Amino acid sequence: MPPLAQSLHDAAGTTFGGRPVILGGGNTSEVDTVESLSSNGKWRVTGRLPRPSSDLSAVSTSHGIFVIGGYDGVTSPRPILGSSDGQHFTTFARLRYGVRYAAVVRVGDSIWVIGGEARGRELNSTQVIELTTRRVRVARRLPTPLGHAAAALIGSRILLMGGRTAPDRITNAMWWLDTRTGRYSSAGQLPYPVADAGVLDTVDGAYLLGGEIPQITNRVVRVRVHS
(Lines give C-alpha, C1' and ligand atoms only; values in the text may rest on other atoms or scores of the structure.)
Protein backbone atom coordinates (compact mmCIF):
# COMPACT_ATOMS: atom_id res chain seq x y z
CA MET A 1 0.00 0.00 0.00
CA PRO A 2 1.48 3.41 -0.96
CA PRO A 3 2.09 6.06 1.71
CA LEU A 4 -0.29 8.96 2.32
CA ALA A 5 0.38 12.29 0.64
CA GLN A 6 1.44 13.63 4.06
CA SER A 7 2.22 12.22 7.50
CA LEU A 8 -0.78 12.29 9.85
CA HIS A 9 -2.11 11.19 13.20
CA ASP A 10 -5.61 11.41 14.76
CA ALA A 11 -7.27 11.66 11.33
CA ALA A 12 -10.69 10.26 10.38
CA GLY A 13 -11.10 7.48 7.85
CA THR A 14 -14.06 6.27 5.83
CA THR A 15 -14.92 5.19 2.29
CA PHE A 16 -16.62 7.16 -0.47
CA GLY A 17 -17.47 5.90 -3.92
CA GLY A 18 -15.77 2.62 -3.05
CA ARG A 19 -12.46 4.34 -2.26
CA PRO A 20 -10.74 4.94 1.10
CA VAL A 21 -10.75 8.57 2.29
CA ILE A 22 -8.69 10.21 5.05
CA LEU A 23 -9.92 13.52 6.51
CA GLY A 24 -8.09 16.07 8.63
CA GLY A 25 -5.65 14.96 11.30
CA GLY A 26 -2.55 16.39 12.90
CA ASN A 27 1.01 16.94 11.76
CA THR A 28 3.00 19.80 13.27
CA SER A 29 -0.47 21.31 13.70
CA GLU A 30 -4.02 20.41 12.68
CA VAL A 31 -4.60 20.02 8.92
CA ASP A 32 -7.64 20.54 6.67
CA THR A 33 -6.85 18.12 3.86
CA VAL A 34 -9.00 15.33 2.45
CA GLU A 35 -7.00 12.52 0.81
CA SER A 36 -8.39 9.77 -1.40
CA LEU A 37 -6.81 6.66 -2.86
CA SER A 38 -6.85 7.26 -6.62
CA SER A 39 -7.29 4.72 -9.42
CA ASN A 40 -3.52 4.68 -10.02
CA GLY A 41 -2.97 3.39 -6.48
CA LYS A 42 -1.62 6.63 -5.02
CA TRP A 43 -3.02 8.90 -2.34
CA ARG A 44 -3.72 12.47 -3.38
CA VAL A 45 -5.35 15.53 -1.85
CA THR A 46 -8.87 15.75 -3.32
CA GLY A 47 -10.55 18.28 -1.03
CA ARG A 48 -10.35 20.57 1.96
CA LEU A 49 -12.30 20.85 5.18
CA PRO A 50 -13.55 24.36 6.03
CA ARG A 51 -11.07 24.43 8.93
CA PRO A 52 -8.14 22.32 10.14
CA SER A 53 -9.20 19.56 12.51
CA SER A 54 -7.81 16.48 14.26
CA ASP A 55 -9.35 13.97 16.71
CA LEU A 56 -12.45 13.92 14.47
CA SER A 57 -14.78 11.20 13.17
CA ALA A 58 -16.19 10.56 9.69
CA VAL A 59 -19.17 8.47 8.61
CA SER A 60 -20.30 7.56 5.09
CA THR A 61 -24.03 7.19 4.43
CA SER A 62 -26.39 7.26 1.45
CA HIS A 63 -26.58 11.02 2.11
CA GLY A 64 -22.79 11.46 1.69
CA ILE A 65 -19.88 11.91 4.10
CA PHE A 66 -20.39 13.48 7.53
CA VAL A 67 -17.53 14.85 9.64
CA ILE A 68 -18.25 15.03 13.36
CA GLY A 69 -16.40 16.56 16.29
CA GLY A 70 -12.67 17.17 16.44
CA TYR A 71 -10.23 19.80 17.60
CA ASP A 72 -9.06 22.85 15.65
CA GLY A 73 -6.10 23.68 17.90
CA VAL A 74 -8.17 25.79 20.30
CA THR A 75 -11.67 24.35 20.69
CA SER A 76 -13.91 21.48 19.61
CA PRO A 77 -16.24 23.08 17.03
CA ARG A 78 -19.94 22.17 17.02
CA PRO A 79 -20.65 22.23 13.24
CA ILE A 80 -21.34 18.84 11.65
CA LEU A 81 -19.93 18.94 8.13
CA GLY A 82 -21.58 17.22 5.19
CA SER A 83 -20.38 16.51 1.66
CA SER A 84 -22.16 14.92 -1.29
CA ASP A 85 -19.01 14.69 -3.42
CA GLY A 86 -16.28 13.98 -0.87
CA GLN A 87 -14.50 17.23 -1.78
CA HIS A 88 -16.61 20.19 -0.69
CA PHE A 89 -18.00 20.45 2.83
CA THR A 90 -20.70 22.66 4.33
CA THR A 91 -22.40 22.79 7.72
CA PHE A 92 -25.17 20.18 7.87
CA ALA A 93 -26.21 20.68 11.50
CA ARG A 94 -24.63 21.49 14.87
CA LEU A 95 -23.77 19.29 17.80
CA ARG A 96 -25.32 20.23 21.10
CA TYR A 97 -21.82 20.02 22.59
CA GLY A 98 -18.46 20.11 20.83
CA VAL A 99 -16.44 16.89 21.36
CA ARG A 100 -13.26 15.16 20.30
CA TYR A 101 -12.34 11.46 20.59
CA ALA A 102 -16.02 10.44 20.63
CA ALA A 103 -17.31 7.00 19.67
CA VAL A 104 -19.37 7.57 16.51
CA VAL A 105 -21.63 4.94 14.96
CA ARG A 106 -24.17 5.10 12.14
CA VAL A 107 -27.49 3.42 12.90
CA GLY A 108 -29.86 3.59 9.92
CA ASP A 109 -30.72 7.25 9.27
CA SER A 110 -29.06 8.45 12.46
CA ILE A 111 -25.53 8.87 13.77
CA TRP A 112 -24.82 8.29 17.46
CA VAL A 113 -22.06 10.39 19.04
CA ILE A 114 -21.16 8.79 22.35
CA GLY A 115 -19.03 10.35 25.07
CA GLY A 116 -15.80 11.97 23.97
CA GLU A 117 -13.56 14.61 25.45
CA ALA A 118 -13.83 18.38 25.87
CA ARG A 119 -11.64 20.83 27.74
CA GLY A 120 -9.40 18.06 29.03
CA ARG A 121 -12.12 15.89 30.60
CA GLU A 122 -14.13 12.89 29.49
CA LEU A 123 -17.88 13.31 28.85
CA ASN A 124 -20.90 11.12 29.60
CA SER A 125 -23.17 12.73 27.01
CA THR A 126 -24.90 10.96 24.11
CA GLN A 127 -25.91 12.97 21.04
CA VAL A 128 -27.98 11.60 18.16
CA ILE A 129 -27.89 13.21 14.70
CA GLU A 130 -31.09 12.57 12.73
CA LEU A 131 -30.06 12.69 9.08
CA THR A 132 -33.56 13.09 7.64
CA THR A 133 -34.47 16.12 9.80
CA ARG A 134 -31.01 17.56 10.59
CA ARG A 135 -32.06 17.53 14.22
CA VAL A 136 -29.54 16.76 16.97
CA ARG A 137 -31.01 15.44 20.19
CA VAL A 138 -29.52 14.51 23.53
CA ALA A 139 -30.15 10.90 24.60
CA ARG A 140 -29.49 9.12 27.90
CA ARG A 141 -26.18 9.71 29.61
CA LEU A 142 -23.45 7.11 29.78
CA PRO A 143 -23.02 5.30 33.11
CA THR A 144 -19.58 6.93 33.38
CA PRO A 145 -17.64 9.64 31.55
CA LEU A 146 -15.96 7.99 28.56
CA GLY A 147 -13.71 9.08 25.73
CA HIS A 148 -11.30 7.34 23.34
CA ALA A 149 -13.55 4.24 23.27
CA ALA A 150 -14.08 1.79 20.40
CA ALA A 151 -17.61 1.04 19.18
CA ALA A 152 -19.30 -1.47 16.89
CA LEU A 153 -22.90 -1.84 15.75
CA ILE A 154 -24.21 -5.35 16.40
CA GLY A 155 -27.85 -5.75 15.40
CA SER A 156 -29.71 -2.80 16.89
CA ARG A 157 -27.21 -2.38 19.72
CA ILE A 158 -23.93 -0.52 19.95
CA LEU A 159 -21.10 -2.23 21.82
CA LEU A 160 -18.72 0.22 23.52
CA MET A 161 -15.30 -1.19 24.35
CA GLY A 162 -12.62 0.27 26.59
CA GLY A 163 -11.63 3.93 26.48
CA ARG A 164 -10.71 6.49 29.10
CA THR A 165 -12.95 7.32 32.06
CA ALA A 166 -10.53 10.14 32.93
CA PRO A 167 -7.49 11.54 31.10
CA ASP A 168 -5.18 9.34 33.21
CA ARG A 169 -7.45 6.30 33.64
CA ILE A 170 -8.02 3.58 31.00
CA THR A 171 -10.82 1.05 31.41
CA ASN A 172 -11.41 -2.55 30.33
CA ALA A 173 -15.19 -2.23 30.74
CA MET A 174 -17.70 -2.77 27.94
CA TRP A 175 -21.26 -1.46 27.64
CA TRP A 176 -24.28 -2.15 25.48
CA LEU A 177 -26.30 0.77 24.15
CA ASP A 178 -29.76 -0.26 22.96
CA THR A 179 -30.55 2.26 20.22
CA ARG A 180 -34.29 1.48 20.42
CA THR A 181 -34.56 2.52 24.07
CA GLY A 182 -31.38 4.55 24.54
CA ARG A 183 -30.52 2.50 27.63
CA TYR A 184 -27.00 1.46 28.62
CA SER A 185 -26.13 -1.84 30.31
CA SER A 186 -22.97 -3.69 31.25
CA ALA A 187 -21.44 -5.94 28.58
CA GLY A 188 -18.62 -7.46 30.60
CA GLN A 189 -14.90 -6.72 30.44
CA LEU A 190 -12.03 -6.83 27.99
CA PRO A 191 -8.93 -8.91 28.88
CA TYR A 192 -7.03 -5.66 29.57
CA PRO A 193 -7.71 -1.90 29.73
CA VAL A 194 -7.24 -0.24 26.33
CA ALA A 195 -7.99 3.14 24.75
CA ASP A 196 -7.76 4.53 21.20
CA ALA A 197 -7.87 1.06 19.65
CA GLY A 198 -8.86 0.52 16.05
CA VAL A 199 -12.01 -1.51 15.56
CA LEU A 200 -13.06 -3.96 12.86
CA ASP A 201 -16.69 -5.10 12.90
CA THR A 202 -17.55 -8.76 12.34
CA VAL A 203 -20.87 -10.59 12.05
CA ASP A 204 -20.80 -11.66 15.70
CA GLY A 205 -18.61 -9.05 17.34
CA ALA A 206 -15.47 -7.07 16.64
CA TYR A 207 -11.68 -7.05 16.65
CA LEU A 208 -9.85 -4.41 18.68
CA LEU A 209 -6.55 -3.49 17.02
CA GLY A 210 -3.66 -1.94 18.95
CA GLY A 211 -4.32 1.12 21.09
CA GLU A 212 -2.81 2.36 24.36
CA ILE A 213 -2.60 0.21 27.51
CA PRO A 214 -1.21 2.87 28.47
CA GLN A 215 1.88 2.30 26.33
CA ILE A 216 1.22 1.82 22.62
CA THR A 217 0.50 -1.84 21.90
CA ASN A 218 0.32 -4.19 18.92
CA ARG A 219 -2.08 -6.57 20.68
CA VAL A 220 -5.29 -7.69 18.99
CA VAL A 221 -8.32 -8.94 20.89
CA ARG A 222 -11.42 -10.56 19.41
CA VAL A 223 -14.72 -9.70 21.09
CA ARG A 224 -17.39 -12.29 20.32
CA VAL A 225 -21.08 -11.79 21.07
CA HIS A 226 -23.27 -14.80 21.70
CA SER A 227 -26.95 -14.43 20.82
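From a predicted model like this one, the values you see are computed outputs, not experimental measurements.
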*Asks:* Among the clusters formed by ILVMFWY side chains lying less than 4.5 Å apart, do L177 and L153 turn up in the same one?
*Replies:*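 L177 clusters together with L153.
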*Asks:* Are the side chains of L190 and T171 in contact, using a 4.5 Å heavy-atom criterion?
*Replies:*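 Counting from C-beta outward, T171 and L190 never come under 4.5 Å.
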*Asks:* Please report the shortest heavy-atom distance between S57 and V104, naming the atom on each side.
*Replies:*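 Minimum heavy-atom separation between S57 and V104: OG-CG2, 3.4 Å.
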*Asks:* Of the non-hydrogen atoms in S110 and V128, which two are nearest, and what is the gap between them?
*Replies:*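 Heavy atoms of S110 and V128 come nearest at CB-CG1, 4.0 Å.
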*Asks:* Closer than 3.5 angstrom, by distance alone: can the side chain of R106 be matched with the main-chain N or O of G108 as a donor-acceptor pair?
*Replies:*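 Flag set: sc R106 to bb G108 pair under 3.5 Å.
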*Asks:* Would I80 and L95 count as a side-chain contact (heavy atoms from CB on, under 4.5 Å) if you check the C-alpha gap in whole Å, the side-chain angles of each, and the deciding distance to 0.1 Å?
*Replies:* CA-CA 7 Å; I80 301 160; L95 293 170; 3.9 Å; yes
*Asks:* Count I, L, V, M, F, W, Y as connected when their side-chain heavy atoms are under 4.5 Å apart, and connections chain through other members. Are L160 and Y101 then in the same cluster?
*Replies:*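 L160 and Y101: separate clusters.
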*Asks:* Could you go through the side-chain contact (heavy atoms from CB on, under 4.5 Å) check for D72 and E30 one step at a time?
*Replies:* CA-CA 6 Å; D72 64 7; E30 284 67 33; 5.7 Å; no
*Asks:* Output, in order, the C-alpha distance, side-chain angles, deciding distance and verdict of side chain to side chain donor-acceptor pair (under 3.5 Å) for S60 and T14.
*Replies:* CA-CA 6 Å; S60 289; T14 187; 2.7 Å; yes
*Asks:* If hydrophobic clusters are built by linking Ile, Leu, Val, Met, Phe, Trp and Tyr wherever their side-chain heavy atoms come under 4.5 Å apart, do V105 and L159 end up in the same one?
*Replies:*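 Hydrophobic grouping puts V105 apart from L159.
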*Asks:* What is the distance from atom CH2 of W176 to atom OG of S156, rounded to the nearest 0.5 Å?
*Replies:*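 The CH2 atom of W176 sits 9.0 Å away from the OG atom of S156.
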*Asks:* Is the closest side-chain heavy-atom distance between Y207 and V221 below 4.5 Å?
*Replies:*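 When only atoms from C-beta onward are counted, V221 and Y207 do not touch, as no gap falls below 4.5 Å.
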*Asks:* Following the transitive rule for hydrophobic clusters with a side-chain heavy-atom cut-off under 4.5 Å over Ile, Leu, Val, Met, Phe, Trp and Tyr, establish whether W112 and M174 coincide in one cluster.
*Replies:*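 Hydrophobic grouping puts W112 apart from M174.
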*Asks:* Considering all heavy atoms of both residues, which atom of Q87 and which atom of D85 are nearest to each other, and what is their separation?
*Replies:*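 Taking Q87 first and D85 second, the nearest heavy atoms are N-OD1, 2.8 Å.
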*Asks:* How many angstroms lie between CH2 in W175 and OG in S186, if you round to the nearest 0.5 Å?
*Replies:*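 Rounded to the nearest 0.5 Å, the CH2-OG separation comes out at 8.5 Å.
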*Asks:* To check you understand the geometry: which heavy-atom pair defines the closest contact between G70 and S76, and what is its length?
*Replies:*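 So the minimum-distance heavy-atom pair works out to O-OG, 3.0 Å.
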*Asks:* Begin with the C-alpha distance, continue with both residues' side-chain angles, and end with the deciding distance and a verdict on side-chain contact (heavy atoms from CB on, under 4.5 Å) for E35 and L8.
*Replies:* CA-CA 11 Å; E35 296 187 29; L8 295 171; 4.1 Å; yes
*Asks:* For residues 137-149, which side-chain donor-acceptor pairs fall under 3.5 Å, sequence neighbours excluded?
*Replies:*
from, atom 1, to, atom 2, distance (Å)
R137, NE, E130, OE2, 3.0
R141, NH1, N124, OD1, 2.8
H148, ND1, D196, OD1, 2.8
H148, ND1, D196, OD2, 3.1
H148, NE2, E117, OE1, 2.8

*Asks:* Does a salt bridge link D204 with R224, judged by any charged N lying under 4.0 Å from a carboxylate O?
*Replies:*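 Salt bridge flag = yes for R224 with D204.
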*Asks:* Checking one residue: F16. Which other hydrophobic residues are in its cluster under the side-chain 4.5 Å linking rule?
*Replies:*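 Hydrophobic cluster check, F16: joined to V21, L23, V34, L49, L56, I65, V67, L81, F89.
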*Asks:* If we ignore angles and hydrogens, is there a donor and acceptor under 3.5 Å between the side chains of Y192 and T217?
*Replies:*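 Distance-only check fails for Y192 and T217.
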*Asks:* Quick one: closest heavy-atom pair of A118 and G98, and the distance?
*Replies:*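 Answer, listing the atom of A118 first, then G98: CB-O, 3.7 Å.
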*Asks:* Hydrophobic clustering (ILVMFWY, side-chain heavy atoms < 4.5 Å, transitive) - are V223 and V220 grouped together?
*Replies:*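 In one cluster with V220: V223, no.
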*Asks:* Side-chain contact, heavy-atom cut-off 4.5 Å: V113 with S125?
*Replies:*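 They are not in side-chain contact.
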*Asks:* Between N27 (side chain only) and S7 (backbone N and O only), is there a donor and an acceptor less than 3.5 Å apart?
*Replies:*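 Checked: pair present.
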*Asks:* Would you compute the distance between atom OG of S36 and atom CH2 of W43 and round it to the nearest 0.5 angstrom?
*Replies:*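 One finds 7.0 Å between OG of S36 and CH2 of W43.
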*Asks:* Would you check if the side chain of T202 reaches a backbone N or O of G205 as a donor-acceptor pair within less than 3.5 Å?
*Replies:*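 It does hold such a pair.
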*Asks:* Run the ring-ring contact (aromatic ring centres under 6.0 Å, His included) test against F92 and tell me which residues pass, sequence neighbours left out.
*Replies:*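 F92: ring-ring contact (aromatic ring centres under 6.0 Å, His included) contacts with F66.
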*Asks:* Could you measure the distance from the OH atom of Y184 to the OG1 atom of T126? Nearest 0.5 Å is fine.
*Replies:*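 Here the interatomic distance stands at 2.5 Å.
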*Asks:* Assess whether a salt bridge exists between R164 and E212, defined as any Lys/Arg side-chain N lying under 4.0 Å from an Asp/Glu carboxylate O.
*Replies:*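 Salt bridge flag = yes for E212 with R164.
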*Asks:* Would you check if the side chain of S83 reaches a backbone N or O of H88 as a donor-acceptor pair within less than 3.5 Å?
*Replies:*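 Yes, S83 side chain to H88 backbone: donor-acceptor pair under 3.5 Å.
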*Asks:* Measure the OH-CG distance between Y97 and L123 for me, rounded to the nearest 0.5 Å.
*Replies:*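 Interatomic distance, Y97 OH to L123 CG, rounded to 0.5 Å: 9.5 Å.
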*Asks:* Is there a side-chain contact between P79 and R51, using heavy atoms and a 4.5 Å cut-off?
*Replies:*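 Counting from C-beta outward, P79 and R51 do come under 4.5 Å.
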*Asks:* Roughly how far, to the nearest 0.5 Å, is the CG atom of L37 from the CG atom of L4?
*Replies:*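 Spacing of CG (L4) from CG (L37) equals 9.5 Å.
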*Asks:* Can you check whether V136's main-chain N or O pairs, donor with acceptor, with Q127's side chain at less than 3.5 Å?
*Replies:*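 Looks like no, no N/O pair under 3.5 Å.
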*Asks:* A206 and V199: which non-hydrogen atoms are nearest, and at how many Å?
*Replies:*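 Shortest heavy-atom contact: CB-CG2, 4.0 Å.
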*Asks:* Between I111 and L131, is any pair of side-chain heavy atoms under 4.5 Å apart?
*Replies:*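 SC-SC contact between I111 and L131 confirmed.
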